[in-house]
Structure formats: structure tokens, C-alpha cells
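Remarks on the structure that follows.
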Amino acid sequence: MFRYLLIVRFALINVVAAALLAGAYLQGWLDAVVKGDLIELSLVIVAVFSYGFLYCALRVGQTSGELDEIRTATPSDGTPAALYLEKARFSHDRESPRGVLRMRLGRRIATVRHIANSLVFLGLIGTVIGFIIALSGVDPSRAADADNVADMVATLISGMSVALNTTLVGAVLYVWLIVNYRLLSSATVDLLTETIDLGDGG
């Protein structure tokens, strides 16, 4: 079995995603987002994504190493697999150690999922803020005056721009992070099943 296969898959997925993003930027498709109003809201979403991406990358590296070790039946001391195998060796009750192993491995990936979900909520918050900005400029009592219409339209467009930009940034980065989460989740299931199989003498 090829070592570090999980890391290679992770790298390929993110190289493709980064290339698509760079291509969209070079085509000028992201200019409206980069030069839009209240870019700070989009930057907050990008910062949360960056944290989640780095956390996911660390977990992918950790899981990849542990998968390689369990496939050679040499788990490192202190890893969830080694702790499970030690308990399973001296216990007739296999269910309790399996439950503990599931919780330990599940806790790793749950954080990535929570961060990905938070990107959607941050995008929705940006949408609401954008609509508030857009509607704050609408004053029916001033609409009859032609001089005020231009200001109201400008505020309306600015608010809609903020709403759409933050929604787009949140949605795109959610998809990017959730693809990585699926990869990590699948590898974690493999690690769980192979550890249990090894403990059962399979």
C-alpha cells in the first residue's frame, strides 16, 4: 500500500481548488468581491476558513500517519489505535474500548464539520447585514424628490453587494472545506475499522 496516500489525495484536491480560484481571479470574476463594500465581512469568513483548513490539514497528516502504522501493525504509543489495542488485549469486553475509540476519532473530525457549518452561518449573517444596509437607505417620503433617488439607489446597490458577496464567499469556502472534511471522515472510518480488525486478530 502506498504510504501517505491520504496526504497525496488531500494535496491534489486542494491544488485543483486553488487553481480554480486563481483562474477565477485572473478572469476578473472575483473583482466584485475583492473591491466590494465591507470587504471586512468576507475577510472574517476567509479567516475562519483558513483556521478550519489548517486544522483539517493537521488532522489529515495525523490520520495518514496512523493509517500507515496500523496497516503495518505498529501503532505509535499514545495514539487512539495503540490505546484501543492495549485495552482490547486485556479485556473480554470489546464494546467499551470500541466506543472510546469511536469517540476519540470522531472528536477529531467534528471540529472541521463545525467550522464548515459556521462558514454558512457567517455568510447568512453577511446577507442580513447587507439587506439591512440596503433597506436603511430607502425612505418613501424622499422618493418623490429626484435628487434623493440616486443616493437611495446607491445605498441599495451597496447593501445588495455586501449581501451577495458574503453569501458567495461563505458558500464557496463551505464547499471547499466540506470536501476536505469528507476525505478526512472517510479516512477516519478506515482507521477505525482497520484498528478494530487488528484488535480482533483480522
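- At a threshold of 4.5 Å between side-chain heavy atoms, the hydrophobic network of Ile, Leu, Val, Met, Phe, Trp and Tyr places I157 and F131 in two separate groups.
- Taking the side chain as every heavy atom from C-beta outward, L101 and P97 never approach each other to under 4.5 Å.
- Considering V179, V60, V189 in turn, V60 is the only one that fulfils the side-chain contact (heavy atoms from CB on, under 4.5 Å) rule with L184.
- A 4.5 Å side-chain heavy-atom check between N180 and V112 finds every atom pair outside the cut-off.
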Stepwise side-chain contact (heavy atoms from CB on, under 4.5 Å) check, V100 with Y84
CA-CA 8 Å; V100 173; Y84 167 77; over 6 Å; no
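- The closest side-chain heavy-atom distance from V48 to L173 is not below 4.5 Å.
- Rounding to the nearest 0.5 Å places CZ of R59 at 13.5 Å from CG of L6.
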Start with the C-alpha distance between T188 and R108, add both sets of side-chain angles, then the distance that settles side-chain contact (heavy atoms from CB on, under 4.5 Å), and finish with yes or no.
CA-CA 9 Å; T188 301; R108 288 183 182 177; 5.7 Å; no
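- The minimum heavy-atom distance between T166 and G126, with the atom names listed, is OG1-C, 3.1 Å.
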Working note: Y174 + N117, criterion side-chain contact (heavy atoms from CB on, under 4.5 Å); need CA distance, chi angles, decisive distance, verdict.
CA-CA 7 Å; Y174 167 79; N117 289 338; 3.8 Å; yes
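- By the 4.5 Å heavy-atom criterion applied to side chains, T195 and L105 are not counted as neighbours.
- If you take OH on Y55 and CD1 on I115, they are separated by 7.5 Å, rounding to the nearest 0.5 Å.
- Counting heavy atoms from C-beta on, the side chains of P80 and E66 come closer than 4.5 Å.
- Taking CE from M160 and CG from L135, the interatomic distance works out to 9.0 Å, rounded to the nearest 0.5 Å.
- Side-chain rings of F10 and F53 approach one another, their centers coming within less than 6.0 Å.
- Side-chain contact check for L21 versus L30: some heavy-atom pair is nearer than 4.5 Å.
- Across all non-hydrogen atoms, the minimal contact from P75 to L85 is CG-CD1, 3.7 Å.
- When all heavy atoms of A32 and N165 are compared, the pair lying nearest together is O-ND2, 3.3 Å.
- Taking every heavy atom of both residues into account, L83 and G78 meet most closely at CD1-O, 3.9 Å.
- Taking CG of L67 as the start and CD1 of I7 as the end, the distance is 10.5 Å to the nearest 0.5 Å.
- For the atom pair S186 OG and D190 CG, the distance stands at 5.0 Å (nearest 0.5 Å).
- Between T72 and D68, the closest side-chain pair of non-hydrogen atoms is not below 4.5 Å.
- Residue-environment remark: CG (D31) exceeds the threshold of 12 foreign heavy atoms within 6.0 Å.
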Assess the residue pair R113 and R182 against the criterion (side-chain contact (heavy atoms from CB on, under 4.5 Å)); give the C-alpha distance rounded to whole Å, side-chain angles, the decisive distance to 0.1 Å, and a yes or no.
CA-CA 9 Å; R113 177 79 185 184; R182 298 290 184 199; 3.7 Å; yes
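- L119 approaches I45 most closely through the heavy-atom pair CD2-O, 3.5 Å.
- Taking each heavy atom of I109 and S185 in turn, the nearest pair found is CD1-OG, 4.0 Å.
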